[in-house]
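Since this is a predicted model, take the numbers as computed values, not measurements. The chains referred to below are lettered A, B, ... by the order of the sequence lines, with proteins before strands, and numbering in each begins at 1.
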There are 2 protein chains.
Amino acid sequence: MNADTKPSDLIDGLRKGLEVILAFDDSSPQMTQSELALRIDLSRAAARRYLLTLTSLGYMATDGKYFWLTPKVMQLGRSFTSSSRLPRTIQPELQALTERCGESTNFAVLEGVEAVYVCCANANRLLSTGIEPGTRLPGYTSTAGRLLASFLDDQALDQWINQSAPRAHTQVTVTDHATLKREISKMRKQGYGITESQFEPGLRGISVPLRDSANNLIGAISVSMAVSAMTSSAAVKKLVPMLNQTAARLAQKL
Amino acid sequence: MNADTKPSDLIDGLRKGLEVILAFDDSSPQMTQSELALRIDLSRAAARRYLLTLTSLGYMATDGKYFWLTPKVMQLGRSFTSSSRLPRTIQPELQALTERCGESTNFAVLEGVEAVYVCCANANRLLSTGIEPGTRLPGYTSTAGRLLASFLDDQALDQWINQSAPRAHTQVTVTDHATLKREISKMRKQGYGITESQFEPGLRGISVPLRDSANNLIGAISVSMAVSAMTSSAAVKKLVPMLNQTAARLAQKL
DNA sequence: ATATTTTGTGCGATAATCGCACATATGTTC
DNA sequence: GAACATATGTGCGATTATCGCACAAAATAT
């Protein structure tokens, strides 16, 4: 929560309501009012009111006891995609790239210490990246996140790494601050990033920066693939030029 | 708004806050607090509070005057996709189908008189469907919407058509109630639906029902394509079996 | 430099939202 | 089927969240 805003300028009913929506996930696809109250620390009466409000507005449905989200909540996420030129411009280019290279591609931005995936074009592969629009990953475990962090100045990068509090997600996740910093700095020098098995075993990410026509850094576009698909040097040789070509085409449109 | 719920059970701050998010779109990608107040009938002070709240929570950003949505709002839509087995099960099958048939595919459900697209696997085509997860179209202009409406009983279908208040989107949109009912009823009989240029000129949709293993109607899966790609009879011949095959595979998983 | 428009903010008022307690309904156990 | 436990519905009074206003300050337009 941004500490700058005065509490009297904040609408707590909205904050709680959004927290209710976010409380539903694959471990709790449906909840009773009592379960929700326990999960997000609301009174049962308050939980009931938020659930009834969301149901009344069409964002949830109920059988009288359990509540679950409806597809209408996707409308909220779509407010972002329909209000922003970026996803609408980038998505077709990523789909074309996915078709040319045969691997899943995506576009991510950095939000604090998290990499947020805004666009995805998934290839039909057995190994699924699990990345879809809206996905957020710890930036230090994401090639895109690291590449984008590489553009921070030295002090800001140190702070970013500290704030990330790196911990292992796989047996080879880099958690040592100095090693992480070195690997991130190397990405900036070479103009692209590559990581393997940092968030999920067997998954490789290759990223290049995406800039607009004024040369402002917009985010990163990436390929996500199985490490078994080809060696990392073959992957770099094949995919970095293709990513750069897509980035150049997009730079003219943005 | 559902009329069943008592006003005292509703949280108006949440309703207004969600309305604020939905106010941003491609015609208003960013707004000042005064513009928002005019757009959704809030006082300027209230508009300011909602914008500051959403900014504080990370869903919006500001340059001090204008406000715009951030990718974080996609998180809200993701609560639906991560809390529901349906999209996670259906999406990979649609991607495989898109790759096999070379056209965009999608999964839609009916919400009232609207068709809501929950999953999409878009092919790399010049003619883009513009359909993405969360898209809502008037059901009567959508092949999926019509096919799903065809399972309503006779009286409910009449009511559905009346509530839809059909109006022309293209030069050939069916708006006559009797004609629409006849075309919808035909879809049920033949077990699939096909329409052309009902919402957008030059776009053909072919849909089949999707059922779960208990034979409950879940929604419809569809191909969307350019009418110029092939004749409608060739499209039916090629695509209906492929859609039915995917529906059958999914029926075993759902 | 001036006029106009927009925004920031403190304030008192109102009503939205709160949590509680009790009645009712539902589910579980014997 | 009865007893018990758990969950839900609801009315209520209390609290405070949210309201809109008015004025000052800042930004923008001329």
Inset, instruction - Please report, rounded to the nearest Å, how far the P atom of C/dT9 is from the NZ atom of A/Lys6. - result: 5 Å

Legend entry - Interatomic distance, A/Leu51 CG vs D/dT10 P [rounded to whole Å]: 15 Å

Inset, instruction - Could you tell me whether A/Ser8 contacts a base, only the sugar-phosphate backbone, or nothing, with contacts defined as non-hydrogen atoms closer than 4.0 Å? - result: nothing

Legend entry - Rounded interatomic separation in angstrom, taking CG from A/Leu10 and C1' from C/dT9: 14 Å

Inset, instruction - Let me know, please, whether A/Tyr66 or A/Ile11 comes out on the 5' side of the other along DNA chain D by nearest nucleotide. - result: A/Tyr66

Inset, instruction - Begin with the C-alpha distance, continue with both residues' side-chain angles, and end with the deciding distance and a verdict on side-chain contact (heavy atoms from CB on, under 4.5 Å) for B/His169 and B/Tyr140. - result: CA-CA 11 Å; B/His169 290 259; B/Tyr140 69 93; 3.2 Å; yes

Inset, instruction - Return the nearest nucleotide to the side chain of B/Tyr50; candidates are C/dT17, C/dG19, D/dC19. - result: D/dC19

Legend entry - Nearest-angstrom distance from the residue atom CZ of A/Phe67 to P of D/dT8: 8 Å

Inset, instruction - Indicate whether OP1 or OP2 belonging to D/dA26 is found under 4.0 Å from a side-chain N or O atom of B/Lys65. - result: no

Inset, instruction - Pull out every residue in residues 33-46 of chain B that has a heavy atom closer than 4.0 Å to any atom of DNA chain D, ordered by number, or say none. - result: B/Ser43, B/Arg44, B/Ala45, B/Ala46

Legend entry - Protein-nucleotide distance (A/Arg15, atom CZ; D/dA17, atom P), rounded to Å: 11 Å

Inset, instruction - Give the rounded distance in Å between these two atoms: CZ of A/Arg49 and C1' of C/dA15. - result: 13 Å

Inset, instruction - Only pairs at least two apart or in different chains count here, so list each side-chain hydrogen bond (donor to acceptor under 3.5 Å, both in side chains) that has a residue in residues 19-32 of chain A. - result: A/Arg15-A/Glu19, A/Asp25-A/Ser27, A/Asp25-A/Arg39, A/Ser28-A/Arg39

Inset, instruction - Rounded off to whole Å, could you give me the CG-to-P distance for the A/Asp9 and D/dC19 pair? - result: 11 Å

Inset, instruction - Using the salt bridge (Lys or Arg N to Asp or Glu O under 4.0 Å) rule, collect all pairs that involve residues 79-92 of chain A, keeping only residues at least two apart or in two chains. - result: none

Inset, instruction - Kindly write out the residues that satisfy side-chain contact (heavy atoms from CB on, under 4.5 Å) with B/Gln163, not counting sequence neighbours, or none if the list is empty. - result: B/Val113, B/Gln159

Inset, instruction - Round to the nearest Å and state the distance from A/Leu14 atom CG to D/dT18 atom P. - result: 9 Å

Legend entry - Set of ring-ring contact (aromatic ring centres under 6.0 Å, His included) partners for A/Tyr192, sequence neighbours left out: none

Inset, instruction - Using side-chain contact (heavy atoms from CB on, under 4.5 Å) as the criterion, list what pairs up with B/Pro71, not counting sequence neighbours. - result: A/Phe80, A/Val109, A/Glu111, A/Val116, A/Val118, B/Met74

Inset, instruction - Establish, with yes or no, whether the OP1 or OP2 oxygen of D/dC19 is under 4.0 angstrom from a side-chain nitrogen or oxygen of B/Lys16. - result: yes

Legend entry - Donor-acceptor contact below 3.5 Å, side chain B/Arg188 vs main chain B/Ser150: yes

